[in-house]
Number of protein chains: 2
Amino acid sequence: MPETTRRADRLTGNRYGNRPTMKDVAARAGVGLKTVSRVVNGEPGVTPDTERRVQEAIDALGFRRNDSARVLRKGRTASIGLILEDLADPFYGPLSRAVEEVARAHGALLINGSSAEDPEREQELALALCARRVDGLVVIPAGDDHRYLEPEIRAGVATVFVDRPAGRIDADVVLSDNYGGARDGVAHLIAHGHRRIGFIGDMPRIHTAAERLRGYRAAMEDAGITVAERWMSLGATDPERVRRAAEEMLAGPDPVTAVFAGNNRVTVTVVRVLAERSRRVALVGFDDFELADLLQPGVTVVAQDSAALGRTAAERLFRQLDGTLIAPERIELPTRLVTRGSGELPPTD
Amino acid sequence: MPETTRRADRLTGNRYGNRPTMKDVAARAGVGLKTVSRVVNGEPGVTPDTERRVQEAIDALGFRRNDSARVLRKGRTASIGLILEDLADPFYGPLSRAVEEVARAHGALLINGSSAEDPEREQELALALCARRVDGLVVIPAGDDHRYLEPEIRAGVATVFVDRPAGRIDADVVLSDNYGGARDGVAHLIAHGHRRIGFIGDMPRIHTAAERLRGYRAAMEDAGITVAERWMSLGATDPERVRRAAEEMLAGPDPVTAVFAGNNRVTVTVVRVLAERSRRVALVGFDDFELADLLQPGVTVVAQDSAALGRTAAERLFRQLDGTLIAPERIELPTRLVTRGSGELPPTD
DNA sequence: TAGAGCCTGGACAACGTTGTCAGGTGCGAG
DNA sequence: CTCGCACCTGACAACGTTGTCCAGGCTCTA
C-alpha cells in the first residue's frame, strides 16, 4: 500500500483517494523510480524483463501517471483553451469540433468555456485557462479590449482570435469576409429588383455585426439607393426585439420588400414573422442553418464555413507553438451565397 | 529577473517563457514566499501594508499563479471532463452548456472531447482526463464496457453517465425515458388511425435506440398490431441509409402510412424524403429540433430536455464530490409529446 | 513590569514527475 | 586476462505551490 500517499491524505484531505505513484510501482517491482518513469513513457534503455516486471506492478496497482506533476516538470500541458460565446449555439458546434480535431491531431486536449457575450466573463475564463497553463488559446472574443492578455502572450501562450478580431492588441485573427458576404447578399436582392431592403442585425459593437452592416450600406450605395433609417434595426439580440423590428419595417407607408438578416438567430425569427403574413417578402440571411432548404420557400443565405474557421485558427495556433510563425496575421475566409428561393422572390409593392 | 526559471528554460527547453513565480514576487516585494501565497489566495494574516507591496510586485511582474503546481499540492483540479459523441451535434449543445453552467457554479472548468461514437476513443479520452486528475467525469458512453473506469472510480473520480447507461459497472446514470417516450409517440399515431407504422432507428447496440425500438414494439402490441419486419429499419446511421429505408417502407403493396423516426438526424432525413412525395405520410420523431414548427406540416416530436439531462448529471457529480451521495442511482427524465401537425395526419391508404 | 496571548511572517518539507549524471554490469577485442 | 565501451539502472535535484510549525514582536492585563 502507498504509505506516503495515505499520509498526505490525512494531512491535506486530498481526494485522489489512494492513488499509487511511481514510487509505489517502483517498490512493488523492486526497481528504481526512474526506471518506472522510463517504462511509462516508453523511453529506451530498459531490459524486456525489467519492463515486464514494471508493467505487472502498474497493472496490479492500477497506476496512472499524474499529468499534473508531469506538466509541472515539463512546462507544456498539451491542452488548449477555447472560449466561445455559447456552446449551445449551433454555429459554434462545427467550429469547436474542428478545433478539437486539430488539437487531437497534436495530442492536445480541449478545455472550453462560454463567455455568454460578457467581456468580464471572457477575461475571467481566459485568465483561468492561463493559470492552468494551457499551451494556447482560441478566443471568440466578447470584449473589445484584450490588453489583459499581453503578459500571457509574452509568457508564451499562443493565441488566435476567431470570428471577430482582438481589441487593442496585435494578434492572429481568422474571420469570415463579413463585409463582402453581406454586400453580395444585399446585391443579390437588389439584382432581383428590390430597392427598399431592411437590415436587422446585432449591436454594432460586435465586429461581425458592424461589418455586415457596412456591407449592406455599401451594396445599397453601389446601387444608388438611399437607406432610410427605419429600414435598419441594430441592437436586435433577443427574438422579441427582432420580431418588433421586422414588423415595424414591414408596416407603414413604404414597407420594405426584402429583409437582410444579420445572423442565423435573426434569420430564424424573421422566417417566423414572414410565415405569419400573406405578402411575400424576400429574405437573405447571414449564416447557413439546418433545414433552411426545407422551409417554404427555402431560405437563401450567405454561408460561412464555421468548421474552416475553427480548423484554420487551431492550425495557426499550433504553428505558433512550433515556432513556425512570426508576425500576427489577419486571415479572411470567403463566404458563399446559397440560393434557395427566399432571396429570389420579386418585390411586391 | 527570475534566475531559477530562466535556468530551467535552458535546461528543459520549456515554453513558459519566463514566467515569474511566487519566489520572484517575494524577492521583489521583500517578503517571504508564503506571504505571497497568502496574498494570492486571500488568506488572512497579512498587514494591509504588506499586502499592498506584494500586490504591486505581482502587477509589476505580471505574475499569475501556476495552477498545475497548485493542483499537485492540493489534489483537486477543479475541473471536470465531459465526453460526448460529437460536439457539433445540436442535441449535445444544450447538454454541454448545462454541464458547463453547473461546473462554473462550483468553480470548475470543463474539459471536453468527442468520442465520435468510437468505444476505443471514448476510453482513450476518459483515461487521458483521469491522468489529468479531473475531479469527475460526465460521460455519454459510446462503448458498452466501462470496467476500465473501475480503478479510477475507486481512486475517487466522480462519474456520471448521461443519455445512455454504463456497461458492466455500477454507476450513476441520467437518461430520458426513451421507452416511454417512443411508446407514447407511436401510440399517438395509432390513436390517429394508423396501423402500418414504420420505425427507423439507430443500431440497437446503442441503448437509446434499443429502448425506443422497444417502445415502438410495445405500443404496437398494446394495439394488437403485428409488426412486419419490413416496417423496421435498424442500423440507420447515415442519411443515405435512412433515405433508402424510408423509401422501401413507403413503397410496395402495403406501404406504411406513418413513420416513427428514432432520433433527430433520422427525422430530418425522413422529412426530406416525405417532402418529395405527394402522398401525405404521418411522422413523429424522437428529439425536438429547431424550426420543427416552421416546416409544412410542423413536425410532431417526442421532446427530451437535453439541458435538464446535463444539469441533473452535473449536479449529481458534484454531490458525489461533496460526499453527499452514496449508492449509484438511475434517474429517468420524462419526455414530452409536442404535436405540430405531422403526427396528426390521418392515414391515406 | 512581567507574563500570556495574539498577530504577522518565513523556513521547510512535501506533492509526483522527469532531466542529469554517475555507478555497475557484461561483453568483445586486443 | 584486461581494458574499454555500450548498455542498464537508480540517486538526486529540480518544477511552483501550499500546509505546518515556529519565532519574533506586539498588545493587554494583573
Undergrad: B:Arg76 has an atom CZ; how far is it from atom P of C:dC15, in whole Å?
TA: 18 Å
Undergrad: What's the CG-C1' distance between B:Asn41 and D:dG16, to the nearest Å?
TA: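 B:Asn41 atom CG is separated from D:dG16 atom C1' by 13 Å.
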Undergrad: Starting at atom CG of B:Leu33, determine the distance to atom C1' of D:dG16, rounded to an integer number of angstrom.
TA: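 Atom CG in B:Leu33 sits about 8 Å away from atom C1' in D:dG16.
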Undergrad: Using a 4.5 Å cut-off on heavy atoms from C-beta on, say whether the side chain of A:Leu129 contacts that of A:Ile83.
TA: yes
Undergrad: C:dT18 phosphate, OP1 or OP2: any side-chain N/O from A:Ser37 under 4.0 angstrom?
TA: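 The answer is yes; a side-chain N or O of A:Ser37 sits under 4.0 Å from OP1 or OP2.
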Undergrad: In whole Å, I'd like the distance from the CD atom of B:Glu43 to the P atom of D:dT17.
TA: 14 Å
Undergrad: Do the side chains of A:Asp322 and A:Arg319 get close enough for a salt bridge, i.e. N-O under 4.0 angstrom?
TA: no
Undergrad: Output the rounded distance in Å from NZ (A:Lys34) to P (C:dG23).
TA: 18 Å
Undergrad: Please determine which of B:Leu84, B:Ile140, B:Asp89 meets the side chain to side chain contact (heavy atoms under 4.5 Å, CB included) test together with B:Ser114.
TA: B:Leu84
Undergrad: Hey, is the side chain of B:Thr50 poking within less than 4.0 Å of OP1 or OP2 on C:dG9, counting only N and O atoms?
TA: yes
Undergrad: So, does the side chain of B:Lys23 form a donor-acceptor pair with the base of D:dG16 at under 3.5 Å?
TA: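 For B:Lys23, whose side chain was compared with the base of D:dG16, there is no donor-acceptor pair (under 3.5 Å).
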Undergrad: Inspect the contact between B:Arg168 and B:Asp144 and indicate whether a charged nitrogen and a carboxylate oxygen are less than 4.0 angstrom apart.
TA: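 The answer is no: the pair does not qualify as a salt bridge.
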Undergrad: Does A:Arg38 get its side chain close enough to the base of D:dG10, under 3.5 Å, for a donor-acceptor pair?
TA: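 Yes, a donor-acceptor pair under 3.5 Å.
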Undergrad: Mind checking B:Val40 for me? I need base, sugar-phosphate or nothing, with any heavy atom below 4.0 Å counting as a touch.
TA: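 Here B:Val40 touches no strand at all.
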Undergrad: For C:dG16, does the base pair up with any side-chain atom of A:Arg73 as donor and acceptor (N or O, under 3.5 Å, distance only)?
TA: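 No, no donor-acceptor pair under 3.5 Å.
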Undergrad: Whole angstrom is fine here: how far is it from CZ in A:Arg64 over to P in C:dT17?
TA: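 After rounding, the reported distance stands at 12 Å.
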Undergrad: Just by distance, no angles: are the side chains of B:His146 and B:Glu122 close enough, under 3.5 Å, to form a donor-acceptor pair?
TA: yes
Undergrad: Below 4.0 angstrom from OP1 or OP2 of C:dC7, is there any side-chain N or O of B:Thr47?
TA: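 Checking B:Thr47 against C:dC7: no side-chain N or O falls below 4.0 Å of OP1 or OP2.
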Undergrad: Pick the nucleotide of DNA chain C nearest each of B:Val46 and A:Ala69; which residue has the one closer to the 5' end?
TA: B:Val46
Undergrad: B:Met22 CE to C:dA13 P: how many Å, rounded?
TA: 19 Å
Undergrad: Can you measure B:Asp67 atom CG to C:dG16 atom P for me and round it to whole angstrom units?
TA: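 About 18 Å, once rounded to whole Å.
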Undergrad: The side chain of A:Lys74 lies closest to which of these nucleotides: C:dT18, C:dG9, D:dG16?
TA: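 Out of C:dT18, C:dG9, D:dG16, the nucleotide with an atom closest to A:Lys74's side chain is C:dT18.
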